[in-house]
Amino acid sequence: MALKLYNTLTRQKAEFVPIDPSNVRMYVCGPTVYDYAHIGNARPVIVFDVLFRLLRHIYRPDHVTYVRNITDVDDKINARAARDYPGLPLNEAIRKVTEATENQFHADIAALGVLPPTYEPRATEYIRRKDGREDMVSLIEALVKRRHAYVAEDHVLFDVGSMSDYGRLSNRTLEEMEAGARVEVAPYKKGPMDFVLWKPSKPGEPAWPSPSGIKTPGRPGWHIECSAMAGALLGPVFDIHGGGIDLTFPHHENEIAQSRCAHGTSKMANVWMHNGFLQVEGEKMSKSLGNFVTIHELLTDGWPGEVLRFNMLRTHYRQPIDWTKKGLEESQKILTGWFAHEGLDTDDRTSLPRDVIEALEDDLNTPKAIAELHGYAAAKDFKNLGAALGFLGFDGATLRQADARAVETAQSVASTVEPLIIARLEARKRKDFAESDRIRDELAKMGIALKDTKNKETGEIETTWEIAR
RNA sequence: GGCCACGUGGCGGAGUGGUUACGUAGCGGACUGCAAAUCCGCGUACCCCGGUUCAAUUCCGGGCGUGGCCUCCA
């Protein structure tokens with residue numbers, strides 16, 4: 001079976017045909033680094049990591065180029081820097097915010113079993129480049145030269161009227177957009193839907209020499225960043241562009257407009273993929289509801305990164321997810337059950353099961369793939385189970401870390417717990433069950449769960465214990 | 001209001017024009033002094049209304065519901 005992907009551009013699932021099978025190219029919009037990444041941010045990172053792994057499997061690892069950017073220039077970053085470091089010069093404060101946030105992001109997603117992309121460009125490195133290769137300024141100047149953009153009051157604006165099929169990705173016409181517009185239109189705009197490519201910086205804000213003869217130093221608009229980084233690293237036309245469904249409009253629509261009009265191409269990427277949104281306990285995640293769940297929080301609460309990853313992949317990437325504690329508990333139970341089997345080898349891929357690959361080849365049907373895993377587990381086919389888990393990015397490491405932490409905690413209470421267990425076994429031996437149950441209840445109150453097993457050789461009853469979650 | 005996606009059992013979720021999903025929770029049984037763990041077994045589903053069809057959860061139309069987006073971010 002061939003790889004099939006759903007394409008937002010055509011609203012259909014179609015066979016994926018790479019432009020160049022020896023270099024399959026994918027771009028995914030990465031985080032804006034101003035705050036902890038939340039669990040909704042984690043979704044595209046995980047989903048496209050699975051696609052990256054699949055592409056590497058199909059086309060060979062060195063034939064896939066995956067770019068996921070870091071946006072480190074943005075109004076939200078400026079605001080956060082001013083708030084958190086009021087004493088510092090803004091630019092210094094910004095550097096502190098972006099560096100810390102970027103490091104946190106990398107630590108978080110490493111726990112989620114995410115492979116590093118081939119390139120991870122920072123937006124600020126692609127504003128003006130010394131080597132003369134494509135960057136934001138050169139793209140903007142090309143757009144002005146080709147009369148797709150104009151200068152007005154030190155801004156450069158993209159003229160959406162200059163592009164006949166603007167709106168194709170989000171499937172709406174200019175008239176519809178204008179009718180739905182609910183924001184005041186700046187007076188210097190030619191058309192109400194025209195968007196900013198470059199804007200002047202206020203004093204103290206990050207600033208770069210402006211393009212197109214503008215004297216005031218400025219900074220790039222949001223959309224031009226991705227066009228520049230994708231163009232510079234993947235070329236004017238590439239295979240797959242991904243991101244969250246909320247980015248379809250305006251971000252991706254505008255990326256397409258910029259890249260196509262600057263390069264004079266009929267498309268920017270062949271396949272546009274969008275992952276669905278995420279709710280938390282049935283509610284939209286929002287600051288006002290106070291239910292913003294960060295990856296960092298979940299990890300520090302003790303959820304192994306792999307459980308978060310598994311929980312994400314139990315739902316198809318285009319479906320909405322309701323992110324719940326109950327779901328996490330279920331995910332953890334399944335995963336720990338599988339990894340409890342001795343001899344599970346996630347590194348051995350000699351028998352990578354075809355059914356799992358075929359499920360993934362069908363527009364990344366991870367729930368189906370997971371269903372196959374349940375089948376292997378039920379059939380005690382640990383070779384396939386291990387291979388498939390490893391392929392999907394699960395090696396048990398974060399589960400073992402969680403175990404190790406549990407063992408550490410257990411050791412700290414062992415001196416109190418173990419005499420009680422011995423006392424209970426003695427009570428049982430003399431059939432004083434009231435006393436043995438009393439001890440068990442006492443331990444339960446301390447969060448200790450007991451398990452009695454019969455030693456097959458001696459016939460003795462033995463008790464093991466663990467700290468209940 | 002416009003555009004888009006989705007609607008399967010308590011929950012997650014696969015799949016199909018007529019046949020068991022599966023997982024988790026629940027229930028029953030085995031084991032146990034009783035539990036826990038484990039093993040075995042069981043149950044309830046395809047949003048509504050039309051249409052096509054011998055037959056529709058599965059195809060078509062309409063409706064209802066849920067979620068997302070509707071500019072340079074508040």
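All values below were derived from every heavy atom in this structure, side-chain atoms included, with hydrogens, water molecules and symmetry-related copies excluded. Lettering of chains follows the sequences in order, A, B, ..., and the numbering in each one begins at 1.
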Please measure how far the [atom1] atom in [N] lies from the corresponding atom in [M], and state the result in whole Å.
| N | M | atom1 | answer |
| --- | --- | --- | --- |
| rA25(B) | rU66(B) | C1' | 24 Å |
| rC27(B) | rA35(B) | P | 13 Å |
| rG65(B) | rA74(B) | P | 34 Å |
| rG15(B) | rC73(B) | C1' | 42 Å |

From [atom1] ([X]) to [atom2] ([Y]), nearest 0.5 Å:
| X | Y | atom1 | atom2 | answer |
| --- | --- | --- | --- | --- |
| Met229(A) | Glu255(A) | CE | CD | 8.5 Å |
| Leu298(A) | Leu308(A) | CG | CG | 5.5 Å |
| Ile321(A) | Leu313(A) | CD1 | CG | 8.0 Å |

Checklist entry - Whom does rC3(B) pair with, Watson-Crick or G-U wobble, provided both distances fall under 3.5 Å? => result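 The base-pairing partner of rC3(B), which may sit in any strand shown, is rG68(B).
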Checklist entry - Considering every strand shown, what is the Watson-Crick or G-U wobble mate of rG28(B) when both distances are under 3.5 Å? => result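 Its partner is rC40(B).
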Checklist entry - Are side-chain heavy atoms of Tyr150(A) and Lys190(A) found at a separation under 4.5 Å? => result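 Yes, their side chains come closer than 4.5 Å.
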Next on the checklist: What I'd like to find out is whether the side chain of Trp208(A) reaches to under 4.5 Å of the side chain of Val137(A), using heavy atoms alone.
Outcome noted: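 Not touching, per the 4.5 Å side-chain cut-off.
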Do [X] and [N] share a donor-acceptor pair, side chain to base, under 3.5 Å?
| X | N | answer |
| --- | --- | --- |
| Asp437(A) | rG33(B) | yes |
| Lys189(A) | rC72(B) | yes |
| Glu330(A) | rG12(B) | no |
| Arg440(A) | rC34(B) | yes |

Sugar-phosphate, base or nothing in reach of [X], heavy atoms under 4.0 Å:
| X | result |
| --- | --- |
| Asp194(A) | base |
| Asn311(A) | nothing |
| Lys326(A) | base |
| Lys431(A) | nothing |
| Lys368(A) | sugar-phosphate |
| Thr324(A) | nothing |

Could you write out each protein N or O paired with an N or O of nucleotides 58-69 of chain B at a distance under 3.5 Å?
residue, atom, partner, partner atom, Å
rC69(B), O2', Phe249(A), O, 3.4

Return the value, rounded to whole Å, for the distance between atom [atom1] of [X] and atom [atom2] of [N].
| X | N | atom1 | atom2 | answer |
| --- | --- | --- | --- | --- |
| Glu462(A) | rA35(B) | CD | P | 22 Å |
| Leu9(A) | rC4(B) | CG | P | 14 Å |
| Lys333(A) | rA36(B) | NZ | C1' | 11 Å |
| Glu153(A) | rC72(B) | CD | C1' | 15 Å |
| Tyr317(A) | rA14(B) | OH | P | 13 Å |

Item to check | The single option from Lys13(A), Arg354(A), Lys4(A) passing salt bridge (charged side-chain N to carboxylate O under 4.0 Å, His left out) against Glu361(A) | outcome: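 Per the salt bridge (charged side-chain N to carboxylate O under 4.0 Å, His left out) rule, the option paired with Glu361(A) is Arg354(A), out of Lys13(A), Arg354(A), Lys4(A).
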Next on the checklist: Let me spell it out: for each of Gln319(A) and Pro192(A), pick the nucleotide of RNA chain B with the closest heavy atom. Which residue's pick is nearer the 5' end?
Outcome noted: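 The residue whose closest nucleotide sits nearer the 5' end is Gln319(A).
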Item to check | Upstream residue (5' side of RNA chain B) when Lys380(A) and Arg314(A) are each assigned their closest nucleotide | outcome: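 It is Arg314(A) whose nearest nucleotide is closer to the 5' end.
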Checklist entry - Does any donor atom in the side chain of His252(A) or His274(A) lie under 3.5 Å from an acceptor atom in the other side chain? => result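 Note: His252(A) and His274(A) side chains meet the donor-acceptor criterion.
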Give a yes/no answer on whether the side chain of [X] brings an N or O atom under 4.0 Å of OP1 or OP2 in [N].
| X | N | answer |
| --- | --- | --- |
| Asn171(A) | rC3(B) | no |
| Lys199(A) | rC73(B) | yes |
| Asn365(A) | rG13(B) | no |

Checklist entry - Would Glu281(A) and Lys325(A) pass as an ion pair if we require N to O under 4.0 Å? => result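 No, this pair does not count.
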Minimum-distance nucleotide to [X] side chain [options: [options]]:
| X | options | result |
| --- | --- | --- |
| Asp362(A) | rG23(B), rG15(B), rC73(B) | rG15(B) |
| His316(A) | rG23(B), rU71(B), rA14(B) | rA14(B) |
| Pro367(A) | rG13(B), rC34(B), rG15(B) | rG13(B) |
| Arg424(A) | rG13(B), rG33(B), rU24(B) | rG33(B) |
| Thr315(A) | rA21(B), rG15(B), rG13(B) | rG13(B) |

Item to check | Glu435(A) and its side chain to side chain contact (heavy atoms under 4.5 Å, CB included) partner, picked from Arg440(A), Arg430(A), Glu426(A) | outcome: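 Going through Arg440(A), Arg430(A), Glu426(A) one by one, the side chain to side chain contact (heavy atoms under 4.5 Å, CB included) with Glu435(A) is satisfied by Arg430(A) alone.
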